[in-house]
Amino acid sequence: ATVNWILKDNATGKQLNRTNIIQMKTGDIKKIRFYNDPNSAHPMQHPIHIHGLRFLVLDQDGKVNNNLGWKDTVLVPTGSTVVILLVVDNPGLWHVHCHIAEHASAGMETVIKVA
């Protein structure tokens, strides 16, 4: 109850949430890097889930993933960086969140708006 979880865009410094959303265009292909800070208040792994879109996991901690397959969820271990390639081919509003419900409800969520 005392921990707030966040998703942050390091390029802009913005904390992402349901009102501070990510804008994308149909046809975009985006490389997204998830970093799970081991120095957070409560370090633990996070399964990040993206509704309505699919992605490939390209690498984890610099190690190339040779077992490519379409995903909608990726586990980001504590202290790890996971890079995905997101295919933006489905217009709509898509929820992005940690699949641990308590983390999502405590702030680890955002929305991708695909136009």
Side-chain angles (χ1 to χ4, degrees):
T2 61
V3 175
N4 290 319
W5 297 98
I6 64 167
L7 291 173
K8 183 173 108 178
D9 182 342
N10 281 341
T12 64
K14 289 182 183 178
Q15 183 172 326
L16 303 171
N17 55 46
R18 283 184 173 222
T19 58
N20 190 10
I21 66 174
I22 303 165
Q23 304 280 336
M24 295 185 187
K25 294 180 185 174
T26 302
D28 284 351
I29 297 175
K30 299 286 187 175
K31 187 185 259 188
I32 298 173
R33 180 174 290 112
F34 292 108
Y35 171 65
N36 186 350
D37 188 351
N39 298 313
S40 68
H42 185 66
M44 64 182 300
Q45 61 188 5
H46 297 286
I48 302 298
H49 179 66
I50 302 176
H51 289 258
L53 301 170
R54 60 189 175 147
F55 58 84
L56 299 171
V57 178
L58 298 180
D59 72 62
Q60 181 176 332
D61 298 325
K63 182 179 177 189
V64 175
N65 176 21
N66 292 314
N67 187 18
L68 297 175
W70 293 113
K71 307 282 185 196
D72 64 6
T73 305
V74 62
L75 185 63
V76 185
T78 304
S80 285
T81 299
V82 175
V83 179
I84 67 168
L85 192 69
L86 180 69
V87 176
V88 184
D89 60 356
N90 193 8
L93 295 171
W94 302 112
H95 194 204
V96 179
H97 60 93
C98 179
H99 227 272
I100 300 170
E102 294 84 1
H103 296 184
S105 66
M108 190 175 271
E109 65 177 341
T110 191
V111 174
I112 296 174
K113 180 179 182 180
V114 179

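Count residues from 1 along the sequence.
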Identified side chain to side chain contact (heavy atoms under 4.5 Å, CB included) partner of [X] from the options [options]:
X     : options                      : value
Ile48 : His99, Lys71, His103, Met108 : Met108
Ile50 : Thr110, Val74, Asp72, Ile84  : Ile84
Leu53 : Val87, Val96, Asp89          : Asp89

Quick one: pull up [atom1] in [X] and [atom2] in [Y] and give me the separation to the nearest 0.5 Å.
X      : Y      : atom1 : atom2 : value
Asp37  : Thr81  : CG    : OG1   : 10.0 Å
Leu86  : Ile112 : CG    : CD1   : 5.5 Å
Ile100 : His46  : CD1   : NE2   : 6.5 Å
Asp28  : Gln23  : CG    : CD    : 11.0 Å

Open item on the list: Please tell me whether His51 and His97 have a donor and an acceptor in their side chains that are separated by less than 3.5 angstrom.
Closed with: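 On atom types as modelled, these side chains qualify, holding a pair under 3.5 Å.
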Task: Audit row: Leu56, Trp70, side chain to side chain contact (heavy atoms under 4.5 Å, CB included) steps and yes/no - done: CA-CA 5 Å; Leu56 299 171; Trp70 293 113; 3.7 Å; yes
Just by distance, do the side chain of [X] and the backbone of [Y] share a donor-acceptor pair under 3.5 Å?
X     : Y      : answer
Thr73 : His49  : no
Asn90 : Gly52  : yes
Asn4  : Gly107 : no

[X]-[Y] co-clustered via ILVMFWY side chain contacts under 4.5 Å:
X     : Y     : value
Ile21 : Ile32 : no
Trp94 : Val88 : yes
Met44 : Val3  : yes

- [ ] I would like to know whether Glu109 and Trp5 meet side chain to side chain contact (heavy atoms under 4.5 Å, CB included); could you show each step before the answer?
- [x] CA-CA 9 Å; Glu109 65 177 341; Trp5 297 98; over 6 Å; no
Of all the heavy-atom pairs spanning [X] and [Y], show the shortest one and how long it is.
X     : Y     : result
Gln15 : Ile6  : NE2-CG2, 3.1 Å
Thr26 : Pro91 : OG1-CG, 3.5 Å
Pro38 : Pro43 : O-CG, 3.3 Å
Gln45 : Pro77 : CB-CA, 3.8 Å

Taking the side chain as every heavy atom from C-beta outward, state whether [X] and [Y] have any pair of such atoms under 4.5 Å apart.
X     : Y     : result
Lys30 : Phe55 : no
Asn10 : Arg33 : no
Asn36 : Ser80 : no

- [ ] Check the pair Val83, Lys31 against side chain to side chain contact (heavy atoms under 4.5 Å, CB included), reporting the backbone distance first and the verdict last.
- [x] CA-CA 7 Å; Val83 179; Lys31 187 185 259 188; 3.5 Å; yes
